[in-house]
Amino acid sequence: MVDHTKVSWKNENVISQLRNSVDHVTTAVEQAQSHPTPQLIQQAQNVMDRADNALNNALQNSEHLEPVNRLQEQLNQNKERLQQVQPLGDE
């Protein structure tokens, strides 16, 4: 018999990890936009890569796809924003 409390907790944890990752991406992208140095742009890309891993984990392990899909959309919007950032001096 499946212990539903453990399954529910695991599902919430996966979504919570994804939400935290997306929040970190948002912060990193905002920093890269306000100070578009190569270091901050690379840092935002690194944070985004970790968020992609969290997204894949959530897609594989979450029972509830609606919150995962919303967070995926936020992540995609941040990816688009980061792609538009040009490093200082590169015009």
Please check if any side-chain donor atom of Q60 sits under 3.5 Å from a side-chain acceptor atom of N56, or the reverse. no
Can you measure from CD (E80) to CG (L82) and round to the nearest 0.5 angstrom? 11.0 Å
Below 4.5 Å, heavy atoms only, C-beta onward: do V68 and L59 meet side chain to side chain? yes
Do R81 and N78 have a side chain donor and acceptor closer than 3.5 Å? yes
Single hit among V22, I15, V14 for side-chain contact (heavy atoms from CB on, under 4.5 Å) with L18: V22
Where is the tightest heavy-atom contact between L75 and A51, given as atom of each residue plus distance? CD1-CB, 3.8 Å
How close do I41 and Q86 get, heavy atom to heavy atom, and via which atoms? CD1-C, 4.2 Å
Rounded to the nearest 0.5 Å, what separation is found between the CD atom of Q17 and the CG atom of N57? 6.5 Å
With side chains defined as the heavy atoms from C-beta onward, is the minimum distance between N69 and Q72 less than 4.5 Å? yes
With the side chain counted from C-beta on, respond yes when P36 and L40 share a heavy-atom pair under 4.5 Å apart, and no when they do not. no
Nearest non-hydrogen partners of V29 and A44, listed with the distance: N-CB, 4.2 Å
Output for pair (N61 CG, N13 CG), nearest 0.5 Å, gives 10.5 Å
When rounded to the nearest 0.5 angstrom, what distance separates CD in Q43 from CD in Q31? 6.0 Å
Among side-chain atoms of Q42 and N46, is any donor-acceptor pair under 3.5 angstrom? yes
